[in-house]
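Here's the structure, in structure tokens; my notes come after.
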Amino acid sequence: MKEKKKMVGIRCRCLEPPVKKDKEKMRLVMCPVCGKVYRTDRTDDVCFSCSKA
């Protein structure tokens, strides 16, 4: 008879942001290249996907 494995509540560290986000500094912007709407605290309005390309 197989024993059931018990799931333990461990969170993966790779999902946690490296730096706490200050929600007061976040602003809603639209990427001028692809039109994606997102929140950022950067001065550049281009999203991460378009800035890599």
Side-chain angles (χ1 to χ4, degrees):
M1 185 188 284
K2 277 189 171 179
E3 292 183 28
K4 292 183 180 180
K5 291 186 177 182
K6 187 174 182 180
M7 298 298 289
V8 180
I10 298 174
R11 288 181 44 184
C12 179
R13 292 282 182 181
C14 64
L15 298 178
E16 294 179 6
V19 178
K20 293 278 186 182
K21 296 177 186 172
D22 190 10
K23 294 189 179 190
E24 295 172 356
K25 293 182 181 178
M26 302 293 277
R27 59 190 178 94
L28 190 66
V29 294
M30 185 172 83
C31 177
V33 179
C34 67
K36 179 179 178 180
V37 177
Y38 64 100
R39 297 184 76 72
T40 185
D41 62 346
R42 300 184 316 160
T43 56
D44 191 19
D45 289 343
V46 179
C47 69
F48 286 114
S49 301
C50 294
S51 64
K52 290 180 186 177

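Residue numbers run from 1 in the order of the sequence given. Values below: all heavy atoms of this structure, side chains included; hydrogens, waters and symmetry mates excluded.
Grouped with Tyr38 in one hydrophobic cluster are Val29, the linkage being side-chain heavy-atom contacts under 4.5 Å among Ile, Leu, Val, Met, Phe, Trp and Tyr residues.
Residues Cys47 and Cys31 come closest through the heavy atom pair N-SG, 3.6 Å.
Among residues at least two apart or in separate chains, salt bridge (charged side-chain N to carboxylate O under 4.0 Å, His left out) pairs with a member in residues 26-43 are Arg27-Asp45.
With contacts defined as side-chain heavy-atom distances shorter than 4.5 Å, the pair Cys34/Ser49 does not qualify.
Within 6.0 Å of CE on Met26 lie more than 12 heavy atoms contributed by other residues, nucleotides or ligands.
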